[in-house]
2 protein chains.
Amino acid sequence: MSTIKGFSEETGISPYTLRYYEREGILLGVKRDPSGNRLYDEESLEWLNFILSLRMTGMPLSEIKQYVDLYKEGESTLRKRKQMMLDHKGKVEKNVAETLKYLETINYKLALYDFQEKGFTKMLP
Amino acid sequence: MSTIKGFSEETGISPYTLRYYEREGILLGVKRDPSGNRLYDEESLEWLNFILSLRMTGMPLSEIKQYVDLYKEGESTLRKRKQMMLDHKGKVEKNVAETLKYLETINYKLALYDFQEKGFTKMLP
DNA sequence: AAATACCTTACAGTATACTCTAATCCACGC
DNA sequence: GCGTGGATTAGAGTATACTGTAAGGTATTT
C-alpha cells in the first residue's frame with residue numbers, strides 16, 4: 001500500500017501521469033484512504049505493468065482504453081480482448097522486424113565510417 | 001528525376017512532410033527546375049532513406065538535424081558523426097531488447113487466455 | 001496554532017511531428 | 001488568352017501524451 005509519491009518512485013511513472021492514466025480510465029484498482037488520497041497496491045501495480053507493456057510497445061492510449069473498457073464489461077468480451085492482444089503482438093513483431101532492417105542501414109553507415117578511417121577519404125553522408 | 005508528387009508516391013512520404021523535412025534542413029539534395037518546382041533524384045532518395053532509417057528507429061528530428069548540420073560542416077566532423085551513429089545504434093538495440101521483454105508480458109497474457117478457453121474461468125485482466 | 005509537506009481537483013500549457021489552409025504563381029491544352 | 005492542375009510560400013491547426021499550475025484540503029511536526 002503506497003501513496004502516489006511512493007508508487008511513482010517505485011515505478012518510475014510521474015504522479016502527473018499516474019493521475020492522468022486513472023482519469024482517462026486506463027489505470028484500474030487505485031484505492032483511496034479516508035481523506036481521499038490515492039493508495040496503490042498489488043492490484044494497481046499489476047495493472048500499471050500491463051498498461052506499460054502495451055504502451056511501451058507502441059499501443060496508443062485510446063486503444064488501451066478500449067481494452068480496459070472491454071475488461072470492465074466482463075467475461076463476455078474475452079474473445080475480443082484476446083484478439084486485440086493477438087493483433088497487437090503481430091504489430092509489435094512486425095515493428096521489431098522493421099526496426100532491425102533499419103538498423104542494418106545504420107550498421108552499413110558505420111561500416112563506411114570504419115572504412116574511411118582506414119585512409120579512404122571520399123566524403124560520405 | 002521526379003516531381004514532389006511522384007517522389008511522394010515512390011517513397012510513401014507525403015508532400016507536406018517532404019517540404020517540412022527540407023524546410024527543417026534535414027533533407028538535402030533537393031534540386032529545382034527552372035520555374036522553382038522541386039526535383040528529386042537519386043541523391044535526395046539516398047538522403048531520405050537514411051533519414052527514415054534514423055527516424056523510424058526513434059531518433060528525434062532535432063538530433064537528425066544535428067547530424068545533417070555536422071555533415072554540412074565537412075570532414076572535420078567525421079568522428080562526431082560516427083559517434084552519433086554508434087550511440088544511436090546502442091539505443092536502438094537497447095530499445096529492441098526492452099520491447100522483446102514487454103512482448104513476453106503480452107505473450108504471457110495470451111497464454112492465460114488460452115488457458116481460460118480450456119475451461120478455467122476465473123476472470124483475468 | 002503555525003509551518004511543512006504532502007495531497008486533491010480542474011484546467012491550462014508544452015513538445016513533437018506532422019498536416020493543412022490561403023494566397024499566389026506557372027505551364028500546358030484548347 | 002484562359003481555365004485547369006499542379007506547384008510554390010508562410011503560417012496556422014491538429015493529435016497525442018503528457019506536464020505543470022492554481023487554489024485549496026489534510027495531517028503531522030514543532
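Values below: every heavy atom of this structure, side chains too, minus hydrogens, waters and symmetry copies. All chains are named by letter (A, B, ...) in the order of the sequence lines, taking the proteins before the strands, and each is independently numbered beginning at 1.
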All N/O pairs under 3.5 Å across the protein-nucleotides 20-27 of chain C interface:
none

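- Summarising the geometry, atom CE belonging to A:M56 is positioned 11.5 Å from atom CD1 belonging to B:I106; distances are rounded to the nearest 0.5 Å.
- Judged purely by atom type and a 3.5 angstrom limit, B:N95 has no side-chain atom pairing as donor or acceptor with the backbone of B:E98.
- One distance of note links CE of A:M59 with OG of A:S53; it measures 9.0 Å at 0.5 Å rounding.
- For the pair A:T77 (side chain) and A:L70 (backbone), a donor-acceptor distance under 3.5 Å is present.
- Distance, B:I51 CD1 to C:dA17 C1': 14 Å, rounded to whole Å.
- Note: NZ (B:K31) to C1' (D:dT8) measures 19 Å, nearest angstrom.
- Atom CZ of B:F7 and atom P of D:dA7 are 14 Å apart (whole Å).
- For B:E24 and C:dC18, the CD to C1' distance is 10 Å, given to the nearest whole Å.
- By the 30° and 60° cut-offs, the orientation of the rings of B:F7 relative to B:Y40 is parallel.
- The nucleotide whose nearest atom lies closest to any side-chain atom of A:K5 is, among D:dT9, C:dA17, C:dC6, C:dC6.
- Residues B:L100 and A:L52 are members of one and the same hydrophobic cluster, defined by side-chain heavy-atom contacts under 4.5 angstrom among Ile, Leu, Val, Met, Phe, Trp and Tyr.
- Using a 4.0 Å cut-off, some side-chain N or O of A:R38 falls inside it from OP1 or OP2 of C:dT8.
- OP1 or OP2 of D:dC18 lies within a sub-4.0 Å distance of a side-chain N or O belonging to A:Y21.
- Between A:R19 and the phosphate of D:dC18, there is no side-chain N or O to OP1/OP2 separation shorter than 4.0 Å.
- Place B:I4 and A:Y20 on DNA chain D by their nearest nucleotides, and B:I4 ends up nearer the 5' end.
- B:P15 comes within contact range of no nucleotide atom at all, as no heavy-atom separation falls under 4.0 Å.
- To the nearest angstrom, C1' of C:dA17 lies 11 Å from CE of B:M56.
- Between B:T17 and C:dA17, a side-chain N or O to OP1/OP2 separation shorter than 4.0 Å is absent.
- Whole-Å rounding puts the A:L39 CG to C:dC6 P distance at 16 Å.
- In summary, A:R32 and A:E22 engage in a salt bridge, as defined by a charged side-chain N under 4.0 Å from a carboxylate O.
- Put simply, CG on B:L18 is 15 Å from C1' on D:dT8, counting in whole angstrom units.
- Atom-to-atom, CD of A:Q66 to C1' of D:dT16 comes out at 16 Å; the value is rounded to the nearest Å.
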